[in-house]
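The next block holds one structure in the form of structure tokens; read it before the comments.
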Amino acid sequence: MISLAAGIVIPAVAQELNCAVEINTDNIEGTGRSVFESLKQTVSDYMNETKFSDAVFAENEKIDCRLYLTVMEYSGTRIKGELQMQLSRPVYNTNYTTSLLNYRDTKVEFDYREGEPLVFNRTSENSNLEALLNFYAYLFLGMDFDSFSPRGGDAFYEQAKSVVSRAQSAGEPGWRMFEDNRNRASLLGAFTEPSNAGIRDILYKYHRKGLDEMSTGVDKGRSEITASLDILKGIASSNPMSFVIPLFGDMKLDELVNVYSKAPESERMKVYSLLQEIYPTENERLEKIKNPE
């Protein structure tokens with residue numbers, strides 16, 4: 001509790017997330033849509049009212065994220081679809097927000113009955129829906145904390161690991177490492193496997209030392225971003241199939257065009273060459289770094 005004056009006490013805000021939830025049911029026939037309105041409210045309440053950690057956030061410090069569920073099939077209580085996730089963070093001393101994650105999960109399946117409550121427990125889940133929401137909440141927290149302090153998200157990745165382990169035991173789709181090349185175990189591995197560990201250093205160097213510093217020193221901040229791209233090159237060289245590569249490209253390639261739009265030509269050419277080697281199929285976007293408008 002935070003006391004502002006004698007007799008006036010305002011509780012600190014504990015919840016960490018400011019999560020917008022949307023559900024698209026265009027692929028579902030029929031008029032019985034009330035279950036999806038219920039689902040939307042239930043998920044929104046769970047993500048925004050659950051205290052996932054011991055960290056205390058003021059209202060203006062909450063982590064902005066978005067969940068967009070496209071329902072592909074609905075039968076009985078079973079819902080199948082795709083979940084698009086976006087995570088962002090503010091850039092210091094600006095009105096700009098930068099993307100930390102832009103990811104689509106194509107193996108989303110869970111059972112849900114209209115009005116069914118979701119109950120948070122740090123050591124267990126009652127349903128695959130709770131497992132999905134817990135996993136992504138911890139991933140969001142881990143990435144956000146990593147972007148503000150060196151590998152600051154350790155505790156949250158460990159929690160996400162526990163969710164994955166429990167969900168794998170339950171046998172639901174989308175959780176097993178070798179199920180396909182885009183599953184939740186592999187996504188988490190992008191931040192926890194030793195061969196990918198540099199992505200966490202990138203999150204800090206790119207955001208806290210790079211973008212945040214550009215408001216007071218553009219060249220200095222941009223040089224830190226360039227250094228973070230050297231780390232990415234190292235990951236790509238040692239593990240060219242790493243999940244990190246498309247993950248970073250989806251969230252940062254367009255932004256990098258703006259970051260280097262006013263950089264000296266020599267710096268632009270270095271970054272263009274570096275990224276072109278990592279993303280050889282993205283030449284149209286990368287050309288804008290070499291030749292800004």
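Only a predicted model underlies this, so the values are computations on that prediction, with no experimental measurement involved.
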message: Strictly distance-based, threshold 3.5 Å: is any side-chain N or O of Ser223 a donor or acceptor partner for the main-chain N or O of Lys220?
response: yes
field: Check against salt bridge (Lys or Arg N to Asp or Glu O under 4.0 Å), Arg151 and Asp146
entry: CA-CA 5 Å; Arg151 304 202 181 191; Asp146 272 357; over 6 Å; no
field: Selection residues 110-132 - residue pairs positive for ring-ring contact (aromatic ring centres under 6.0 Å, His included), sequence neighbours left out
entry: Phe52-Phe120
message: Would you say that Asp154 contacts Arg200 through its side chain, given a criterion of any heavy-atom pair below 4.5 Å between the two side chains?
response: yes
message: Between the side chains of Arg78 and Glu109, is the shortest nitrogen-to-carboxylate-oxygen separation below 4.0 Å, so that they form an ion pair?
response: yes
query: Is it true that Arg166 and Glu125 make a salt bridge, defined as a side-chain N closer than 4.0 Å to a carboxylate O?
result: yes
task: Could you check Thr42 against Glu116 for side chain to side chain contact (heavy atoms under 4.5 Å, CB included), going step by step and ending with a plain yes or no?
output: CA-CA 8 Å; Thr42 297; Glu116 180 181 358; over 6 Å; no
- prompt: In Å and rounded to the nearest 0.5 Å, what is the CE to CD1 distance from Met47 to Ile63?
  reply: 10.0 Å
- line: Separation between CG (Leu275) and CG (Asn283), nearest 0.5 Å, reads 11.0 Å
- request: Please check if the side chain of Ser165 supplies one atom and the backbone of Ser162 the other of a donor-acceptor pair under 3.5 Å.
  value: no
Enumerate donor-acceptor pairs with a distance under 3.5 Å from any side-chain N or O in residues 209-216 to protein atoms, sequence neighbours excluded.
{"from": "Asp212", "atom 1": "OD1", "to": "Arg89", "atom 2": "NH1", "distance (Å)": "3.0"}
{"from": "Asp212", "atom 1": "OD1", "to": "Tyr92", "atom 2": "N", "distance (Å)": "3.0"}
{"from": "Asp212", "atom 1": "OD2", "to": "Arg89", "atom 2": "NH1", "distance (Å)": "3.4"}
{"from": "Asp212", "atom 1": "OD2", "to": "Arg89", "atom 2": "NH2", "distance (Å)": "2.9"}
{"from": "Asp212", "atom 1": "OD2", "to": "Arg208", "atom 2": "NH1", "distance (Å)": "3.4"}
{"from": "Ser215", "atom 1": "OG", "to": "Asp212", "atom 2": "O", "distance (Å)": "3.4"}
{"from": "Thr216", "atom 1": "OG1", "to": "Glu213", "atom 2": "O", "distance (Å)": "3.2"}

Non-hydrogen side-chain atoms of Tyr46 and Glu49 separated by less than 4.5 Å: no
field: Close side-chain approach of Ile202 and Ile235, heavy atoms under 4.5 Å
entry: yes
field: Stepwise side chain to side chain contact (heavy atoms under 4.5 Å, CB included) check, Arg66 with Met85
entry: CA-CA 6 Å; Arg66 178 175 179 257; Met85 281 148 293; over 6 Å; no
task: Could you tell me whether the side chain of Gln86 and the main chain of Tyr103 form a donor-acceptor pair under 3.5 Å?
output: no
message: Could you work out, with salt bridge (Lys or Arg N to Asp or Glu O under 4.0 Å) as the rule, every residue matching Glu130, not counting sequence neighbours?
response: none
task: Using the six-membered ring wherever Trp is involved, compare the ring planes of Phe248 and Tyr206 and label them parallel, tilted or perpendicular (cut-offs 30° and 60°).
output: perpendicular
- request: Can you sort out the partners of Ser186 under side chain to side chain donor-acceptor pair (under 3.5 Å), two or more places apart, ordered by chain and number?
  value: Asn183
field: Distance (rounded to the nearest 0.5 Å) between Glu224 CD and Lys205 NZ
entry: 4.0 Å
message: Measuring from atom CD1 of Ile231 to atom CD1 of Ile199, what distance do you get when rounded to the nearest 0.5 angstrom?
response: 9.0 Å
message: Can you confirm whether or not the ring centre of Phe156 sits under 6.0 Å from the ring centre of Phe145?
response: yes
field: Contact check, side chains of Ile289 and Leu256, non-hydrogen atoms, under 4.5 Å
entry: yes
message: Quick one: does any side-chain atom of Asp144 pair with a main-chain N or O of Phe140 as donor and acceptor, under 3.5 Å?
response: no
field: N/O donor-acceptor pair under 3.5 Å between Thr192 side chain and Leu188 backbone
entry: yes
task: Could you tell me whether the side chain of Arg33 and the main chain of Ile28 form a donor-acceptor pair under 3.5 Å?
output: yes
query: For Lys233, which residues count as a side chain to side chain contact (heavy atoms under 4.5 Å, CB included) partner, sequence neighbours excluded?
result: Ser237, Leu274, Glu277, Ile278
query: ring-ring contact (aromatic ring centres under 6.0 Å, His included): which pairs involve residues 58-90, sequence neighbours left out?
result: Phe36-Tyr74
message: Once rounded to the nearest 0.5 Å, what's the spacing between atom NZ of Lys252 and atom CG of Leu229?
response: 10.5 Å
- request: Check whether the side chains of Glu255 and Ser99 place a donor and an acceptor atom closer than 3.5 Å, and report yes or no.
  value: no
Non-hydrogen side-chain atoms of Leu101 and Leu139 separated by less than 4.5 Å: yes
field: Residue pair Arg268, Asn291: steps toward the side chain to side chain contact (heavy atoms under 4.5 Å, CB included) verdict
entry: CA-CA 8 Å; Arg268 294 200 315 274; Asn291 300 303; 5.7 Å; no
Selection residues 253-290 - residue pairs positive for ring-ring contact (aromatic ring centres under 6.0 Å, His included), sequence neighbours left out: none
message: I'd like to know if the side chain of Asn196 pairs up with that of Ser242 as donor and acceptor (distance under 3.5 Å, no hydrogens or angles considered).
response: yes
task: Please name the pair of heavy atoms, one in Ala236 and one in Ile245, separated by the smallest distance, quoted to 0.1 Å.
output: CB-CD1, 3.7 Å
task: Classify the side-chain pair Thr50/Gln15 by whether it contains a donor and acceptor separated by less than 3.5 Å.
output: no
Note, Arg104 side chain near Leu83 side chain (heavy atom, < 4.5 Å): no
task: Please name all residues satisfying side chain to side chain contact (heavy atoms under 4.5 Å, CB included) with Thr77, sequence neighbours left out, ordered by chain then number.
output: Asp111, Arg113
task: Before giving the answer on side chain to side chain donor-acceptor pair (under 3.5 Å), spell out for Gln41 and Asp45 the whole-Å C-alpha distance, their side-chain angles and the decisive distance to 0.1 Å.
output: CA-CA 6 Å; Gln41 189 62 53; Asp45 290 346; 2.8 Å; yes
task: List for me each residue that meets side chain to side chain contact (heavy atoms under 4.5 Å, CB included) alongside Pro246, sequence neighbours excluded, and say none if there are none.
output: none
field: Interatomic spacing from NZ in Lys51 to CD in Glu16 - rounded to 0.5 Å
entry: 6.5 Å
query: So with a 6.0 Å cut-off around CZ of Arg122, is the heavy-atom count from everything else above 12?
result: yes
- prompt: Sequence neighbours excluded, which residues qualify as salt bridge (Lys or Arg N to Asp or Glu O under 4.0 Å) partners of Lys290?
  reply: Glu287
query: Are Leu100 and Ser147 side-chain neighbours, meaning at least one heavy-atom pair lies under 4.5 Å?
result: yes
- request: With sequence neighbours excluded, tell me which residues meet salt bridge (Lys or Arg N to Asp or Glu O under 4.0 Å) with Glu37.
  value: none
message: When you compare the side chains of Gln84 and Asn102, does any donor N or O come within less than 3.5 Å of an acceptor on the partner?
response: yes
Main-chain N/O of Gly115 paired to Ser38 side chain as donor or acceptor, under 3.5 Å: yes
- prompt: Going by heavy atoms in the side chains, are Val164 and Gln168 under 4.5 Å from each other?
  reply: yes
task: Just jot down the salt bridge (Lys or Arg N to Asp or Glu O under 4.0 Å) partners of Arg182, sequence neighbours excluded, or say none.
output: none
task: Just do the side chain to side chain contact (heavy atoms under 4.5 Å, CB included) check on Ser34 and Glu114 with the steps written out, would you?
output: CA-CA 8 Å; Ser34 61; Glu114 185 171 350; 3.1 Å; yes
